[in-house]
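Okay, so here's the structure we're looking at.
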Protein chains: 2
Amino acid sequence: MALEHAILVSLAERPGTGYEIGQQFQRSIGYFWSATHQQIYRTLKKLHADGLVTYESIAQDGRPDKKVYTVSAAGRELLADWANSPTPVMPLRSDLGVKLRAAEFGDLAAMIGELKAHRDALQEQLSLYERFDADYYPEPDALTGRKLHQYLVLRGGIKAAATNIEWIDEVIVGLQRELDDQSQPPG
Amino acid sequence: MALEHAILVSLAERPGTGYEIGQQFQRSIGYFWSATHQQIYRTLKKLHADGLVTYESIAQDGRPDKKVYTVSAAGRELLADWANSPTPVMPLRSDLGVKLRAAEFGDLAAMIGELKAHRDALQEQLSLYERFDADYYPEPDALTGRKLHQYLVLRGGIKAAATNIEWIDEVIVGLQRELDDQSQPPG
DNA sequence: GTCCGCATGTAACTTGTTACATGATTTA
DNA sequence: TAAATCATGTAACAAGTTACATGCGGAC
């Protein structure tokens, strides 16, 4: 359900094309939700069929028309209702968690390499988020409204990435010890 | 892809029925992956069609037959290959993150209530995990193999839940301040 | 006598992924 | 001249959700 809502949020903040929404999913909203352009176009079509958005086709020279979408009154109402109604707690999902349980059937050294690659990718993400944090939100206590909410979402992204890195480091230490014990069993 | 692998991991650790796998998804593996029984039965059927598992039908009195599944040699090979090959880094997903961005279109007080409900649910989950941690893994440094991996997965669940709670608390503080400012604007 | 646990399944639907397709403009 | 950006889409498939269906045994 959340993709529909994520798109409505994005359009309610400012009208735009499917393409532009796709860009946003790479950044701000993307800290917490992602979608491919196919999903976005498909969902926009459905939102339009349901009367939750309207669009205006804009001709461009040398490019296909673009459709600038705007949230309708019904769309805003749905968004408000959703914001005020409870959402179920989402279960965790982690490929690495499953994979770790499969480690005994594979190769420990390979698993450690994989973990390091993930840690590096997460570290890069974290650095990016921290740069946003420093650049755009130097005085968090003064924030209100949309800016505050965006900041808090960013904080969530930072915390999630940092914790994930910590966990991966813990796993690497554990598996490394196991690997060392295997090559030099305690006598 | 990971559901297939999660089921293979579970069956490789010990053979069992679809029902039993469903139970496991409520606990250990469930810290990091979840599935409904329909998904499990469907996937088992597919794994069987692909020759990755075999099963033995066992008649029971007063109950439908149960099928005890076992991983085949091909299944073990696939599992090992998967364990040794890279997985892409998963993007985050959080309904609450999206919802927070919708807060400006709804009611702040309702949002805070919702956050508190999530915090309570997460706190309960965390307590459960911490009890498992204390009960089953009193001496983590002595663990090896499967037990170690299970412990590390549990640690991930604990860290993720704890961080999430921290984040929610931070969001509640922020939104509460905003709400207070609204009722008593600074003069 | 009603709910819970065991045990499996079909069907319909929604969501998410991957591949393919078009086509001009700008940048390297 | 090759790639990236803007801009939209179809089609096929895989994964996840929700509803419905069956039926016994034991606990409350």
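Reminder, nothing fancy here: chain letters follow the sequence lines and each chain counts from 1. Since we're looking at a predicted model, the values are computed, not measured.
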Mind checking whether A:His37 and A:Tyr41 have parallel, tilted or perpendicular rings, split at 30° and 60°? perpendicular
List for me each residue that meets ring pair (Phe, Tyr, Trp, His ring centres under 6.0 Å) alongside [X], sequence neighbours excluded, and say none if there are none.
| X | result |
| --- | --- |
| A:Tyr31 | A:Tyr129 |
| B:Trp33 | none |
| B:Tyr55 | B:His48, B:Tyr69 |

Can you check the [X] [atom1] to [N] [atom2] distance for me, whole Å?
| X | N | atom1 | atom2 | value |
| --- | --- | --- | --- | --- |
| B:Gln26 | C:dC6 | CD | P | 11 Å |
| B:Ile40 | C:dC6 | CD1 | P | 14 Å |
| A:Asp50 | C:dT14 | CG | C1' | 13 Å |
| A:Ile21 | D:dA7 | CD1 | P | 13 Å |
| A:Ile7 | C:dT15 | CD1 | C1' | 12 Å |
| A:Ile58 | D:dA7 | CD1 | P | 10 Å |
| B:Glu56 | C:dT8 | CD | P | 13 Å |

Per-nucleotide protein contact string for nucleotides 8-16 of chain D, where B marks a base within reach and S marks sugar-phosphate only (heavy atoms under 4.0 Å, - for neither): BBB-B--SB
Scan residues 48-59 of chain A for pairs that pass salt bridge (Lys or Arg N to Asp or Glu O under 4.0 Å), counting only residues two or more places apart or in two chains. A:Lys46-A:Asp50
Does A:Gln176, at its CD atom, have more than 12 non-hydrogen atoms belonging to other residues, nucleotides or ligands within less than 6.0 Å? yes
Only one of B:Leu179, B:Val171, B:Val173 passes side-chain contact (heavy atoms from CB on, under 4.5 Å) with B:Leu175; say which it is. B:Val171
Let me check the geometry of the helix from C:dG1-D:dC28 to C:dA28-D:dT1. What is the bend angle between the axes at its two ends, five pairs each, to 10°? 40°
Evaluate B:Leu100 against B:Leu96 for side chain to side chain contact (heavy atoms under 4.5 Å, CB included), listing each step before the verdict. CA-CA 6 Å; B:Leu100 187 49; B:Leu96 277 188; over 6 Å; no
